[in-house]
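Here is the structure we will look at, set down as structure tokens.
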Amino acid sequence: MPRPEALFLHGVALAVMAYGFLRSKTLPLNDRIETQTGGHFQFLTIQGLAAAWLTMAIGIGCDLLPSFTALRTAKRAFLMISLPVAIVVSAVYWSLFFFFPFLILPPQVAASEPSSSSAVPELLRIPLNVDLCLHVTPAVTLLADFLLFEKKYTKKQVQIGAPLVAFLAGTWYACWVEYCASYNKTFPYPFLTDNPLNIRIGIYASVSFVAWRCFRLVNAVHR
């Protein structure tokens with residue numbers, strides 16, 4: 001029998017995240033982003049959102065077909081990727097948003113556009129409802145799903161699978177965003193644009209390490 005509470009969580013999460021992504025395409029920065037290589041998928045936020053959305057979609061399949069073990073296996077594999085990414089995205093985004101917004105929010109005027117003003121450009125802020133859909137919903141709903149409806153991962157999965165997944169995901173995003181930037185001549189996040197390659201490599205490695213540690217912590221507190 002389908003678990004109604006799990007089905008409700010997965011359905012609401014899918015709807016809210018889809019709304020956030022569609023609304024992001026109506027923001028003032030959208031036209032500029034869509035002309036760039038990679039489009040919205042330059043952003044780790046959007047990649048994390050897509051992974052979370054797929055995890056929840058597979059979750060609905062598991063709710064409706066609980067005896068289909070392949071779906072359950074697929075969901076747990078996606079969850080191992082999407083959960084730590086969502087936590088890191090939320091933690092990094094909101095920390096920088098409140099304390100160093102110029103490192104995460106783009107200026108109202110692109111750096112490549114001429115301006116006669118010497119003032120610091122105003123930062124482009126996302127509407128709160130969209131911000132919550134993109135930078136809170138994935139982490140909160142994935143955490144709730146894991147802690148309420150999933151078994152904790154085994155010791156072997158945590159010690160071998162999790163660091164491998166973190167390394168592969170971090171390497172993928174680092175290569176992808178560097179590739180996009182080679183064509184766009186800018187990075188999706190100011191804290192990447194403003195730093196040389198060696199510092200960016202350190203950022204990619206640090207974020208991957210934090211994602212892995214977050215996964216270990218969440219799995220450890222799971223009863």
Side-chain angles (χ1 to χ4, degrees), residues 3 5-6 9-10 13-14 16-17 41 43-59 61-63 69-100 103-104 132-178 189 191-192 198-223:
R3 294 173 297 180
E5 61 276 14
L9 173 67
H10 296 150
L14 280 175
V16 172
M17 288 189 282
F41 283 88
F43 294 87
L44 184 59
T45 294
I46 301 302
Q47 293 204 13
L49 185 78
W53 196 92
L54 284 172
T55 302
M56 291 299 182
I58 298 172
C62 294
D63 297 333
T69 56
L71 272 180
R72 175 67 58 191
T73 301
K75 185 199 172 188
R76 287 182 66 80
F78 270 92
L79 189 62
M80 185 177 280
I81 301 170
S82 60
L83 178 58
V85 169
I87 293 172
V88 165
V89 166
S90 291
V92 171
Y93 179 82
W94 291 109
S95 297
L96 295 180
F97 180 89
F98 286 115
F99 299 107
F100 307 100
L103 292 178
I104 195 74
L132 295 176
C133 292
L134 298 179
H135 298 112
V136 173
T137 300
V140 170
T141 55
L142 287 171
L143 268 173
D145 185 39
F146 177 59
L147 296 176
L148 296 176
F149 306 120
E150 288 290 334
K151 296 178 181 178
K152 68 188 304 180
Y153 288 88
T154 65
K155 185 176 180 180
K156 184 177 180 180
Q157 289 170 330
V158 172
Q159 292 181 342
I160 299 175
L164 179 61
V165 166
F167 172 77
L168 292 176
T171 301
W172 151 253
Y173 184 72
C175 293
W176 168 247
V177 78
E178 291 288 333
Y189 299 109
F191 66 83
L192 293 177
N198 61 321
I199 299 298
R200 295 199 302 273
I201 290 174
I203 292 172
Y204 303 140
S206 298
V207 170
S208 300
F209 177 78
V210 170
W212 170 56
R213 297 300 296 179
C214 285
F215 179 81
R216 285 180 62 95
L217 176 62
V218 171
N219 195 68
V221 301
H222 191 297
R223 293 184 179 275

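- Atom CZ of F41 sits about 7.0 Å away from atom CD1 of I46, to the nearest 0.5 Å.
- Between the OG1 atom in T137 and the CG atom in L14 there is a gap of 11.5 Å [rounded to 0.5 Å].
- What you find for M17 and C133 is that their closest heavy atoms are CG-O, 4.3 Å.
- Using a 4.5 Å heavy-atom cutoff, the side chains of R223 and L147 are not in contact.
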Show every donor-acceptor pair shorter than 3.5 Å between a side-chain atom in residues 71-94 and any protein atom, with sequence neighbours excluded, or say none if there are none.
from: R72; atom 1: NH1; to: E150; atom 2: OE2; distance (Å): 2.7
from: T73; atom 1: OG1; to: T69; atom 2: O; distance (Å): 3.1
from: K75; atom 1: NZ; to: D145; atom 2: OD1; distance (Å): 3.2
from: K75; atom 1: NZ; to: D145; atom 2: OD2; distance (Å): 2.7
from: K75; atom 1: NZ; to: E150; atom 2: OE2; distance (Å): 2.8
from: R76; atom 1: NH1; to: E150; atom 2: OE1; distance (Å): 2.9
from: R76; atom 1: NH1; to: K151; atom 2: O; distance (Å): 2.8
from: R76; atom 1: NH2; to: K151; atom 2: O; distance (Å): 3.2
from: R76; atom 1: NH2; to: K152; atom 2: O; distance (Å): 3.4
from: S82; atom 1: OG; to: T55; atom 2: OG1; distance (Å): 2.9
from: S82; atom 1: OG; to: F78; atom 2: O; distance (Å): 3.0
from: S90; atom 1: OG; to: A86; atom 2: O; distance (Å): 3.2
from: S90; atom 1: OG; to: H135; atom 2: O; distance (Å): 2.6
from: Y93; atom 1: OH; to: D131; atom 2: OD1; distance (Å): 2.8
from: Y93; atom 1: OH; to: D131; atom 2: OD2; distance (Å): 2.9
from: W94; atom 1: NE1; to: H135; atom 2: O; distance (Å): 3.0

May I have the list of side-chain donor-acceptor pairs in residues 162-170 shorter than 3.5 Å, sequence neighbours left out?
none

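- A donor-acceptor contact shorter than 3.5 Å is absent between the side chain of T141 and the backbone of H10.
- Distance check, rounded to the nearest 0.5 Å: CG of D63 to CZ of F149 gives 8.0 Å.
- Listed by chain and number, the residues in a ring pair (Phe, Tyr, Trp, His ring centres under 6.0 Å) with F191 are Y189 (sequence neighbours excluded).
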Extract all donor-acceptor atom pairs below 3.5 Å that involve side chains of residues 202-218 and protein atoms in other chains or at least two apart in sequence.
from: Y204; atom 1: OH; to: E178; atom 2: OE2; distance (Å): 2.7
from: S206; atom 1: OG; to: G202; atom 2: O; distance (Å): 2.8
from: S208; atom 1: OG; to: Y204; atom 2: O; distance (Å): 2.9

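- Evaluation of the salt bridge (Lys or Arg N to Asp or Glu O under 4.0 Å) test over residues 162-171, restricted to residues two or more places apart or in two chains, returns none.
- With sequence neighbours excluded, no residue forms a side-chain hydrogen bond (donor to acceptor under 3.5 Å, both in side chains) with T171.
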